[in-house]
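In what follows, chains are A, B, ... by sequence order, proteins preceding strands, each numbered from 1. Values below: every heavy atom of this structure, side chains too, minus hydrogens, waters and symmetry copies.
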Number of protein chains: 2
Amino acid sequence: MFHVNENYQKLPGSYLFSTIAKKVNAYQEANPDKNIIRLGIGDVTQPLAPAIIEAMHKAVDEMGHAETFHGYAPDLGYEFLRKAIAENDYAARGCEVAADEIFVSDGAKSDSGNIQEIFGQDNKIAVCDPVYPVYVDSNVMAGRTGTYDKETGTWSDVIYMPCTAENHFVPEFPKKTPDMIYLCLPNNPTGTTLTKDQLQEWVDYANKVGAVIIYDAAYEAYISEDNVAHSIYECKGARTCAIELHSFSKNAGFTGVRLGYTVVPKDLKCGEVSLHDMWARRHGTKFNGAPYIVQRAGEAVYSEEGKAQLKEQVAYYMKNAKTIKEGLKDAGYTVFGGVNAPYIWLKTPDQMTSWEFFDYLLENANVVGTPGSGFGPSGEGYFRLTAFGNYENTVKALERIKAL
Amino acid sequence: MFHVNENYQKLPGSYLFSTIAKKVNAYQEANPDKNIIRLGIGDVTQPLAPAIIEAMHKAVDEMGHAETFHGYAPDLGYEFLRKAIAENDYAARGCEVAADEIFVSDGAKSDSGNIQEIFGQDNKIAVCDPVYPVYVDSNVMAGRTGTYDKETGTWSDVIYMPCTAENHFVPEFPKKTPDMIYLCLPNNPTGTTLTKDQLQEWVDYANKVGAVIIYDAAYEAYISEDNVAHSIYECKGARTCAIELHSFSKNAGFTGVRLGYTVVPKDLKCGEVSLHDMWARRHGTKFNGAPYIVQRAGEAVYSEEGKAQLKEQVAYYMKNAKTIKEGLKDAGYTVFGGVNAPYIWLKTPDQMTSWEFFDYLLENANVVGTPGSGFGPSGEGYFRLTAFGNYENTVKALERIKAL
């Protein structure tokens with residue numbers, strides 16, 4: 001008789017955003033006249049930029065003719081895209097990352113879930129707390145996290161690095177030495193980040209203790225301050241300790257287009273074993289490339305037109321971020337983030353729990369946000385609002401919150 | 001110090017098609033004047049059908065306007081696509097498969113590599129020999145296959161079910177009871193298949209011994225004989241023992257478009273645990289949906305226009321299959337397949353090994369095929385040619401082979 005992977009049974013409850021969707025739907029059904037504004041899930045609302053639309057139409061046409069038809073893509077992704085990435089995201093920033101160290105994928109969620117597969121079962125992972133839930137959940141499925149404590153909401157074999165107002169959202173080196181360190185910077189959900197000097201300390205630490213950093217740079221395009229690194233490879237020594245994940249979802253609005261990439265430097269080794277070779281083997285065995293049309297769309301992100309249009313798109317969302325941040329401050333809230341990231345992180349008022357504030361905001365302002373406790377135990381007492389709505393709705397949401 | 005997944009180190013050599021590509025490139029470099037015809041890799045050559053191109057252009061336009069823009073897709077895939085699949089691939093064939101039992105993905109390669117994750121580490125897998133290498137390789141990576149014997153090319157914990165001319169390519173029930181049985185029907189690489197009655201015996205067997213069948217129906221569109229099932233759910237009892245994987249790569253030419261789906265019936269359980277719930281959790285945690293544009297392309301596959309155009313496309317490739325099969329027979333070869341599948345499987349002449357015949361054909365006819373031994377030990381002495389080339393090249397290749 002076959003058996004199932006029992007680690008799945010350890011996962012508590014359902015995915016955060018499913019629970020939110022259920023609560024919102026129930027409220028809307030009970031109150032059909034209410035106009036709900038959703039600033040919860042991190043999904044974009046602006047249409048794809050014209051340069052991207054044009055590139056996709058062209059690629060669709062190519063697929064309709066035998067002479068220009070494209071079948072299976074090269075394992076790592078098309079050269080035209082990997083070259084554009086290497087030039088724009090790395091060489092232009094003085095980072096040493098070659099085109100053949102870049103693996104094109106269908107998005108950072110797949111990569112951040114799958115990357116743990118190439119590591120040993122007994123590795124100890126460290127995560128910022130709070131953080132994007134996929135890092136821990138994918139390691140739970142792999143059996144790397146020990147047992148779950150319902151009361152504290154923590155796993156016995158996960159090293160949590162609290163990031164709260166008390167430590168200015170800067171994680172401290174953990175007491176137990178980790179093998180794999182997940183860093184999402186700028187951070188989802190807190191919207192805060194580290195300076196380049198602080199990140200350099202993490203790179204030095206990882207090289208010293210022999211840990212690998214899995215660096216999720218999904219929100220890199222929103223960085224506005226000069227002393228913040230756009231890539232971990234801006235730090236010395238990162239090529240021997242860091243894997244970097246990139247998304248096109250937030251900088252180019254590709255949440256429904258699906259494109260991402262992962263950098264595994266050839267210098268990253270465990271003894272004689274090259275992690276680049278391992279990820280290439282995983283990619284070649286369990287994945288068949290991102291669509292040709294989507295890879296051409298990705299190329300257009302790096303065209304002169306595309307860059308100009310996307311700069312405007314990012315500015316549009318960051319105007320929302322400013323609106324939220326200043327509106328909340330005016331209303332007397334304590335707020336963080338929103339400067340180098342499209343997320344605003346606020347302290348719930350009156351000692352409310354995150355879920356209490358969720359209900360309060362939904363019922364009294366008809367605004368949906370995300371409870372901070374959904375991102376980890378240290379997120380309790382905090383709440384996330386996203387800047388990915390449209391401007392008019394964002395202004396309206398803040399008016400309602402201010403009127404409470 | 002971090003450790004890597006040591007199972008990866010057990011994998012022998014590189015992926016079959018990488019080795020072929022290297023050999024062909026070396027030959028072409030040494031003989032730049034030779035015109036090589038590639039009937040090796042199973043990649044399609046015909047452009048996307050007009051109905052699909054039209055649907056994609058329309059979807060691209062939608063993505064360019066805020067009112068019709070699509071962000072994150074629903075976890076399981078868009079309802080419009082899942083309904084079209086449920087109606088056309090199942091209800092129309094009298095199979096009971098509901099839309100919410102269908103999980104849309106970026107292709108059958110991802111699904112066939114990932115599906116093993118929801119099963120326990122100690123499960124024993126059984127595979128037809130020869131077969132598509134991803135089933136075994138993904139289980140090697142998961143540590144489910146024991147040790148590799150270089151001489152026999154077999155894994156100690158894998159149950160091999162030889163499919164050769166001697167047993168008419170019909171696998172026998174194995175002596176050791178398996179937990180997970182991979183069946184690819186019509187089979188890649190042999191191009192042979194089972195009758196519906198023979199498949200029913202496998203379903204009965206799986207239900208009896210408590211095994212799960214992972215049924216890869218990637219080549220279903222090429223079935224021409226009436227007594228062959230298009231879906232395993234045409235067999236009684238399959239809902240309690242079978243998962244079915246589908247590709248759009250071969251029926252609609254989507255190798256570079258990337259779309260597939262997996263059916264996990266709600267009746268498939270291990271004790272009280274629903275495999276449908278587990279796969280939903282896996283999908284929700286490590287995947288973010290197939291692109292909206294691609295899901296609209298998939299919908300067009302089921303439109304009246306799309307169906308008519310793709311019927312012609314399949315007929316085009318099957319004309320190639322007939323050309324290859326009859327040409328080889330005329331030249332005195334013993335051939336199989338090519339009736340319900342786009343693959344022709346031939347016995348190598350003069351006791352040549354598969355790789356000897358590969359070199360012989362490359363050097364003397366400038367034709368590339370795939371050595372049977374690359375698909376498993378029982379593939380030794382066989383060779384695969386695909387019908388996915390264009391017609392003119394296929395005719396030319398056969399002329400060259402006949403002239404040898």
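For B:Ser249, the side chain to side chain donor-acceptor pair (under 3.5 Å) criterion is met by B:Ser247, not counting sequence neighbours. A:Tyr132 is linked by a ring-ring contact (aromatic ring centres under 6.0 Å, His included) to A:Tyr135, counting only residues two or more places apart in sequence or in another chain.
Residue-environment remark: NZ (B:Lys208) stays at or below the threshold of 12 foreign heavy atoms within 6.0 Å. Atom CD of B:Gln9 has more than 12 neighbouring heavy atoms from other residues, nucleotides or ligands inside a 6.0 Å radius.
Heavy atoms closer than 4.5 Å to chain A are found in the side chain of B:Asn123, but not in its backbone. Only the side chain of A:Phe69 comes within contact range of chain B, with heavy atoms under 4.5 Å apart. The contact between A:Asp61 and chain B is made by backbone and side chain atoms together, counting heavy-atom distances below 4.5 Å. Proximity to chain B is absent for every atom of A:Ala206, based on heavy atoms less than 4.5 angstrom apart. In this structure, the portions of B:Ala66 lying under 4.5 Å from any heavy atom of chain A include both its backbone and its side chain. Contact annotation for B:Gln121: neither backbone nor side-chain heavy atoms come within less than 4.5 Å of a heavy atom of chain A. Using a 4.5 Å cut-off between heavy atoms, B:Thr45 touches chain A through its backbone atoms (N, CA, C, O) alone. Residue A:Glu6: no heavy atom, backbone or side chain, is found under 4.5 Å from chain B.
Comparing B:His70, B:Met180, B:Arg282 by how many heavy-atom pairs each has under 4.5 Å with chain A, the most go to B:Arg282. Counting heavy-atom pairs closer than 4.5 Å to chain A, the top residue among B:Val257, B:Asp75, B:Val134 is B:Val257. Most heavy-atom pairs under 4.5 Å with chain A: of the set B:Arg258, B:Met141, B:Gln116, B:His65, this distinction falls to B:Arg258. Ranking B:Ala73, B:Gly120, B:Gly113, B:Ala280 against chain A, the residue ahead of the rest is B:Gly120, based on heavy-atom pairs under 4.5 Å. When each of A:Ala297, A:Gly64, A:Pro178 is scored by its heavy-atom pairs under 4.5 Å with chain B, the top score falls to A:Gly64. Considering only heavy-atom pairs separated by less than 4.5 Å from chain B, the leading option among A:Val44, A:Asn114, A:Leu11 is A:Leu11. The residue among A:Tyr292, A:Phe287, A:Tyr72 with the most heavy atom pairs within less than 4.5 Å of chain B is A:Tyr72.
Between the side chain of B:Lys286 and the backbone N or O of A:Asp111 there is no donor-acceptor pair closer than 3.5 Å.
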List, one per line, each side-chain donor-acceptor pair under 3.5 Å for residues 271-278 of chain B, sequence neighbours excluded.
unit_1	atom_1	unit_2	atom_2	d
B:Ser274	OG	B:His276	N	3.2
B:Ser274	OG	B:Asp277	N	3.0
B:His276	NE2	B:Asp100	O	2.7

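One finds the CD1 atom of B:Ile118 at 8.5 Å from the CZ atom of A:Phe2 (value rounded to the nearest 0.5 Å). Atom OG1 of residue B:Thr255 and atom CG of residue A:Asn288 lie 8.0 Å apart, to the nearest 0.5 angstrom. Between the CE atom in A:Met1 and the SG atom in B:Cys270 there is a gap of 4.5 Å [rounded to 0.5 Å].
With respect to the salt-bridge test (charged N to carboxylate O, under 4.0 angstrom), the residues A:Asp137 and B:Arg281 qualify.
Contact annotation for residues 51-59 of chain B against chain A (heavy-atom separation below 4.5 Å, listed by residue number): B:Ile53, B:Met56, B:His57.
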